[in-house]
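A short write-up of the structure that comes next.
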Amino acid sequence: MPKAELPHPTRRELLRAGGIGLLTFSLGGSLVKMSPAEAQAAGVSLSVLSRAEAETLASLCERLVPGSREAGVVAFVDHQLAVSRTDCMLMIRYLGVDPPFTPFYREGLAALNAAAQSRHQLSFSKLEDASAEALIDALADGKIEGWTGPPPSFFYFVTRNDACDVVYGTVKGFKALGVPYAPHIMPPSEWGEPD
Amino acid sequence: MTALPAEKIDAVVVGSGAAGSHFAARLAQAGKRVAILEAGPARQNNDLVSSMLWARRLKSAGAPVLETGKDTVGYGFNAGSGVGGSTMHHYAVWPRLHENDFRVKSLYGRSRDWPIAYTDLQRYYDRVQAECGISGDHEKETTRPPGAPYPMPPVPVAEQGRVVASGFEALGMKVSPLPLAVTSRPYKGRANCIWDGWCDAGCPIGALANAQTIHLPQAAAAGATLHPDTEVVRILTSADGKRATGVEAVTHDGQRVRVMADVVVLAAFTIQNPRLLLASATPKHPNGLANRSGTLGRFITTHGAAPIFGLHEKETTPGFGAFGGQLLNQTHYDNKNAHEASGAFGSYQWMIANALKPNGLLGIAPTRPDIRGPALTAFMERATRHMISMTGVVEEEAMAENRVTLAKRKDAHGVPLASVAYTTNEASAALWNAAIAEGLSVFKAAGASESWNAPRASMHIMGGTVMGESAADSVTNSYGQAHDLPNVFIGGAGLFPTAGGVNPTFTIHALAARASEYLLKHWSSAVG
């Protein structure tokens with residue numbers, strides 16, 4: 001059998017994607033195009049999630065996948081919840097959850113905060129390391145007393161994947177791992193925008 | 001946007017995936033006036049962005065399917081959305097069904113027989129293979145049934161493939177090149193694959209035999225029209241109930257229109273075909289069209305995916321190659337009772353050395369959901385260099401009680417949603433367990449420092465509009481022609497009476513090639 005010849009940039013003709021720009025976020029009353037990481041840094045207004053929900057999501061995801069807060073996991077999830085189902089890039093769209101997907105996140109985040117309150121009288125983002133990690137262990141195992149959101153281990157799986165998407169699923173993420181991105185068509189936004 | 005035909009045409013094709021595009025090309029090339037109605041959006045090659053996130057736009061986005069059984073068929077993951085249907089995200093692993101797959105009832109006394117034998121389909125496999133191009137080695141693939149040699153040399157084998165192959169060989173099992181409908185060299189004007197592992201995001205260079213690369217351009221060149229964002233909501237029938245007369249559809253701007261045609265080709269994917277037939281009931285067909293037998297919607301089946309992962313001291317560059325893999329093993333395939341001691345029944349194959357990107361449902365990160373925080377960072381840095389993988393395609397037995405019915409809930413156009421009740425039977429679950437045990441032993445023999453498996457997931461959906469000899473217990477004849485409505489032809493894996501343990505798309509094409517040939521030869525009697 002022939003040995004593999006791995007792709008090399010000089011061999012490929014890069015096709016240019018057309019018609020798809022950066023994402024539009026609302027900042028200071030005007031609409032601007034920016035990447036999710038930029039949106040996170042600029043503190044753009046959220047379309048779907050509340051500030052409290054955003055902080056819980058960012059705290060959870062940062063513990064699951066280091067770097068995901070800075071990479072813009074909140075802007076990513078919030079924006080994708082606001083777009084049409086056809087355009088949605090969240091993994092949840094093909095995991096058998098009945099759309100719309102916002103209730104899944106909202107109820108999961110609320111249940112996580114309720115569990116943190118029940119255990120420690122604090123919101124999840126204010127928990128100390130050991131308490132937060134113990135709660136995430138219980139979340140992953142699907143064993144949280146009084147949980148009323150989506151199945152806890154499934155909620156863990158979905159949010160962990162969202163965090164993986166923004167940290168590992170981009171051109172920057174591949175580069176940080178030392179993996180050549182080698183696209184046919186370069187993604188035109190942060191989830192893959194070139195440096 | 002091309003205007004829908006205002007006058008009656010020869011054939012309206014519902015769906016633009018493997019079966020629909022194939023039918024449309026053949027009928028249009030024979031001079032028939034053909035319109036293809038596609039529920040999802042138009043797609044150009046430049047829409048196929050290389051990203052595991054952008055890839056999700058190719059997945060199902062239509063009316064939700066309610067999955068109500070103990071297990072699921074994974075509709076959201078397996079179905080496509082838009083022009084090209086699920087071929088746009090398929091990985092082009094194209095093995096043939098084996099002779100025993102067609103005779104499950106006769107040979108083993110279980111489930112159902114197909115109304116045709118392998119020999120009936122052989123020349124159509126050969127024809128499709130020449131048209132679409134398959135890379136492989138028919139001599140090394142010793143388990144392959146008879147047929148023409150593959151038209152292209154096998155796909156390259158990289159370190160990941162060599163490492164896993166060593167495990168099979170250590171246990172006395174053979175591997176062969178994986179038959180892939182991907183170009184290993186330029187083929188009929190198509191560029192060769194550069195093995196960068198983005199198959200899941202759709203192949204924009206024409207190396208992989210998707211609908212937009214093979215049959216949709218042929219159909220367009222022959223005059224067929226393609227109408228995206230046009231969702232068929234009902235199949236229309238004559239007052240006497242003896243023939244279909246066309247379809248009713250909702251266009252992108254919400255208008256309800258009718259497209260009248262002599263022939264209706266229904267190729268809207270496994271779950272949606274029975275849903276549309278059930279939802280098109282009339283007083284003449286009170287239980288749904290093509291359902292005099294009561295079989296419509298029944299015998300839904302799937303393949304249990306059996307993913308095996310490992311880490312190896314060698315650098316395996318797992319991000320490259322083809323998503324479907326590099327090598328094939330079918331050691332036990334031809335004896336569906338090979339694992340009967342554990343109560344298992346059925347066939348399975350291994351697709352060896354799948355290309356793995358860091359993220360995505362079939363990527364590296366989700367394989368170890370138990371790892372998080374700094375340990376995940378370390379795992380990802382190691383796994384993106386040293387991971388090995390393979391996926392078992394495990395036959396699940398076709399059971400009448402696994403079925404599609406109409407839910408009470410309706411979609412935006414007033415059509416009841418499909419509800420799928422699916423439970424894997426014990427013999428199929430035992431077979432999955434046997435495959436997992438074998439897979440882990442292979443990785444151990446290959447020298448993996450650690451190995452693990454993912455839980456069962458559903459891969460491919462089949463059945464629901466099964467073909468058969470008798471109108472009393474099947475929906476169509478062996479050509480996909482509805483027993484009760486001779487000018488309705490059904491395409492796709494929904495016709496499969498049993499699933500086999502190989503990927504279905506090659507067989508979907510072979511059936512479409514055979515059926516379209518038959519339809520053209522018997523046009524007058526079909527139209528009536």
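Every chain is numbered from 1 and lettered A, B, ... according to where its sequence line falls, protein lines coming before strand lines. These numbers were taken from a predicted model, which means no experiment stands behind them.
- Here the CG atom belonging to B:N359 is positioned 8.5 Å from the OG1 atom belonging to A:T170, to the nearest 0.5 angstrom.
- Counting all heavy atoms, side chain and backbone alike, B:L376 lies closest to A:C164 at CD2-SG, 4.1 Å.
- Listed by first and then second residue, the ring-ring contact (aromatic ring centres under 6.0 Å, His included) pairs involving residues 111-151 of chain A amount to none (not counting sequence neighbours).
- Using a 4.5 Å cut-off between heavy atoms, A:D141 makes no contact with chain B at all.
- Here the OG1-OH distance, from B:T377 to A:Y168, works out to 4.0 Å after rounding to the nearest 0.5 Å.
- Using non-hydrogen atoms only and a strict 4.5 Å limit, the part of residues 66-74 of chain B facing chain A consists of B:L66.
- B:R56 places a side-chain N or O within donor-acceptor distance of the main-chain N or O of A:M89, the cut-off being under 3.5 Å.
- Here the straight-line distance linking atom CZ of A:F174 with atom OG of B:S51 works out to 8.0 Å at 0.5 Å rounding.
- Here the CZ atom belonging to A:R93 is positioned 6.0 Å from the OG atom belonging to B:S81, to the nearest 0.5 angstrom.
- Residues B:R57 and A:T86 fail the side-chain proximity criterion, which asks for heavy atoms closer than 4.5 Å.
- In terms of the salt bridge (Lys or Arg N to Asp or Glu O under 4.0 Å) criterion, residue partners of A:R106 (sequence neighbours excluded) are, by chain and number, A:E53.
- Residues A:H184 and B:I194 have side chains in contact (heavy-atom distance under 4.5 Å, counting atoms from C-beta outward).
- In this structure, A:R85 contributes its side chain and B:A61 its backbone to a donor-acceptor pair below 3.5 Å.
- Counting non-hydrogen atoms of neighbouring residues, nucleotides and ligands closer than 6.0 angstrom, the CD atom of A:E133 exceeds 12 such neighbours.
- In this structure, B:F77 and A:Y94 have perpendicular ring planes: the angle between them is above 60°, well past the 30° mark.
- Between atom CG of residue A:N161 and atom CG of residue B:L361 there is a gap of 7.0 Å, rounded to the nearest 0.5 Å.
- Between chain B and the residues A:D98, A:L95, A:L90, the largest count of heavy-atom pairs under 4.5 Å involves A:D98.
- When each of A:E62, A:R63, A:M91 is checked for heavy-atom pairs under 4.5 Å with chain B, A:M91 comes out on top.
- Checking each of A:V167, A:V65, A:L177 against B:M380 for a side chain to side chain contact (heavy atoms under 4.5 Å, CB included) leaves exactly one that passes, namely A:L177.
- Listed by chain and number, the residues in a ring pair (Phe, Tyr, Trp, His ring centres under 6.0 Å) with A:F154 are A:F104 (sequence neighbours excluded).
- Classification of A:R160 and B:D370 as a salt-bridged pair fails, no side-chain N sitting under 4.0 Å from a carboxylate O.
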